[in-house]
Amino acid sequence: MERSTEFHVVVIGSGPAGCTAALYLSRANLIPLVLEGIQPGGQLTITTDVENFPGFPEGIVGPKLMDLMRQQAERFGAVFRMEQVESVNLRTHPFEITTDQKIYQCDAVIIASGASAMQIGLPSEKALQGFGVSYCATCDGFFFKGKEIVVVGGGDSAMEEATFLTKFASKVTVVHRREELRASKIMQDRARANPKIEFVLNSTVEEVFGTKEGGVTSLTIRNLKTNEASEMKAQGLFVAIGHTPNTKAYEGQITLDDKGYIVLPHAHSTQTNIQGVFASGDVVDHVYRQAITAAGTGCMAALDCERWLTNERITERWGLPKGEEERV
Ligand code: NAP
């Protein structure tokens, strides 16, 4: 496989964290390669209107926002390639990143590979993503004012999303596959006490009906105890069955927590357990998970990376960032 030493820094992931890191790196003259992965633009590309990203008072559709972020980084020289990371070797330096097309050797890496919302796995769910099927209540709840919504899941996320959605929806039905909820007692109690929330237990969503033009109209629910199927009216389906951080490639090298998220061992730093490897965005964050927080930590990772490269004087091999030459 072809080897490349074209890039000093490789950013893995092209969501808000990766794009922001790329923007800051390029403006520091550390022209990065951004490996876009299988979902260029990240999770925002499967949502429609984004109304909570500052600077867009009228809102902006997710794919457009990501396109603008990418263009902004490209304006300063960042290079985006639609390649998928297959493995990494972070035990040697320069690091080695193997994609489906090349092996990149680089001095620093920013991992911004994000997390993927788990999906039920129905073709009809996929077809209506962004058109009534959502994976983020904070992002999309506002569009369901006065509507009837189904939330799938029995964990804290499902309880939190269901409770949040009652601000907008006329009714929220939580559909969970077992009799017992997995959620913490306090979150369950809060949801159960909410008069707008109903529970349909021992059940799964089997089919989503609707169109891209008109959104979701109804669902088929199957009771797993009786095996009976029934139709439920709903204009929205929120799937809250967990997230999977995209960290498979780093197992055994980067320290991960028990859920697979990257651990940042130092306070006020995006550096991982390996010097020169930084992480930002949803791959480290299962709490906030917002585009704006991901962008913020992407900026932090770029600044940490730039400082590390400068302090380690590794930049001498590649040419120093603009304005740094006289300081050496
Ligand atoms: P989770 O705890 O793993 O719960 C996932 C839920 O989805 C479970 O009830 C599971 O059912 C169900 N599920 C999984 N796959 C499914 C499928 N294919 N079809 C239908 N249902 C499926 O995930 P989470 O709720 O996202 O929480 C993740 C972590 O974040 C937890 O540690 C949680 O405590 C934390 N969290 C905390 C807060 C908070 O404190 N404010 C808020 C959100 C999340 P089973 O129960 O049958 O397995």
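Order of appearance sets the numbers: ligands from 1, and atoms from 1 within every ligand. These numbers come from the heavy atoms of this one structure, side chains and all, not from hydrogens, waters or symmetry mates.
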statement: Residue, atom and distance of the protein heavy atom nearest atom 18 (N) of ligand 1 read Ile241 CD1, 3.8 Å
- request: Determine, considering heavy atoms only, which of Met118, Arg177, Glu180 sits nearest to atom 10 (C) of ligand 1.
  value: Arg177
- prompt: Hey, mind stepping through Gln271 and Asp304 against side-chain contact (heavy atoms from CB on, under 4.5 Å) and telling me if it holds?
  reply: CA-CA 7 Å; Gln271 180 150 295; Asp304 289 343; 5.8 Å; no
- request: Show your reasoning for whether side-chain contact (heavy atoms from CB on, under 4.5 Å) applies to Thr247 and Tyr261.
  value: CA-CA 7 Å; Thr247 50; Tyr261 287 86; over 6 Å; no
statement: So the atoms of ligand 1 within less than 4.0 Å of a heavy atom of Arg178 turn out to be 45 (P), 46 (O), 47 (O)
field: Side-chain donor-acceptor contact under 3.5 Å, Thr163 with Asn194
entry: no
message: Could you tell me if Arg192 sits above the aromatic ring of Phe199, with its cationic atom closer than 6.0 Å to the ring centre and no more than 45 degrees from the axis?
response: yes
Side-chain atoms of residues 291-300: list all donor-acceptor pairs with protein atoms under 3.5 Å, sequence neighbours left out, distances to 0.1 Å.
{"from": "Thr293", "atom 1": "OG1", "to": "Gln290", "atom 2": "N", "distance (Å)": "3.1"}
{"from": "Thr293", "atom 1": "OG1", "to": "Gln290", "atom 2": "O", "distance (Å)": "2.8"}
{"from": "Thr297", "atom 1": "OG1", "to": "Gly281", "atom 2": "N", "distance (Å)": "2.9"}
{"from": "Thr297", "atom 1": "OG1", "to": "Thr293", "atom 2": "O", "distance (Å)": "3.3"}
{"from": "Thr297", "atom 1": "OG1", "to": "Ala294", "atom 2": "O", "distance (Å)": "3.1"}

query: Hey, is ligand 1 close enough to Glu160 that some N/O pair sits below 3.5 Å?
result: yes
query: Ion pair present between Arg81 and Glu36, side-chain N to carboxylate O less than 4.0 angstrom?
result: no
statement: Looking only at protein heavy atoms, what sits closest to atom 23 (O) of ligand 1 is Gly242 CA, 3.9 Å
- prompt: Which of the atoms in ligand 1, numbered in the order shown and given with their element, are less than 4.0 Å from a heavy-atom of Met187?
  reply: 39 (C), 41 (N), 42 (C)
message: The criterion is salt bridge (charged side-chain N to carboxylate O under 4.0 Å, His left out); which residues satisfy it with Glu206, sequence neighbours excluded?
response: Arg222
- request: Would you verify that at least one protein heavy atom lies under 4.0 Å from atom 42 (C) of ligand 1, or report that none does?
  value: yes
- prompt: Of Val208, Val216, Thr173, which meets side-chain contact (heavy atoms from CB on, under 4.5 Å) against Val150?
  reply: Thr173
- prompt: For atom 30 (O) of ligand 1, what is the nearest protein heavy atom, given as residue, atom name and distance?
  reply: His286 ND1, 4.5 Å
query: Does Gly154, backbone or side chain, put an N or O under 3.5 Å from an N or O of ligand 1?
result: yes
statement: of all protein heavy atoms, closest to atom 2 (O) of ligand 1 is Arg182 CD, 3.5 Å
task: Distance to 0.1 Å, residue and atom name: give those for the protein heavy atom nearest to atom 25 (O) of ligand 1.
output: Ser157 N, 2.9 Å
query: Which residue and non-hydrogen atom of the protein lie closest to atom 32 (O) of ligand 1, and at what distance in Å?
result: Lys259 NZ, 3.4 Å
statement: min-distance protein heavy atom vs atom 33 (C) of ligand 1 -> Asp156 OD2, 3.5 Å
message: I'd like to know if Lys102 and Glu6 make a salt bridge, using a cut-off of under 4.0 Å between side-chain N and carboxylate O.
response: yes
task: Would you mind listing which atoms of ligand 1 come within a distance below 4.0 Å of any non-hydrogen atom of His176?
output: 9 (O), 11 (O), 45 (P), 46 (O), 47 (O)
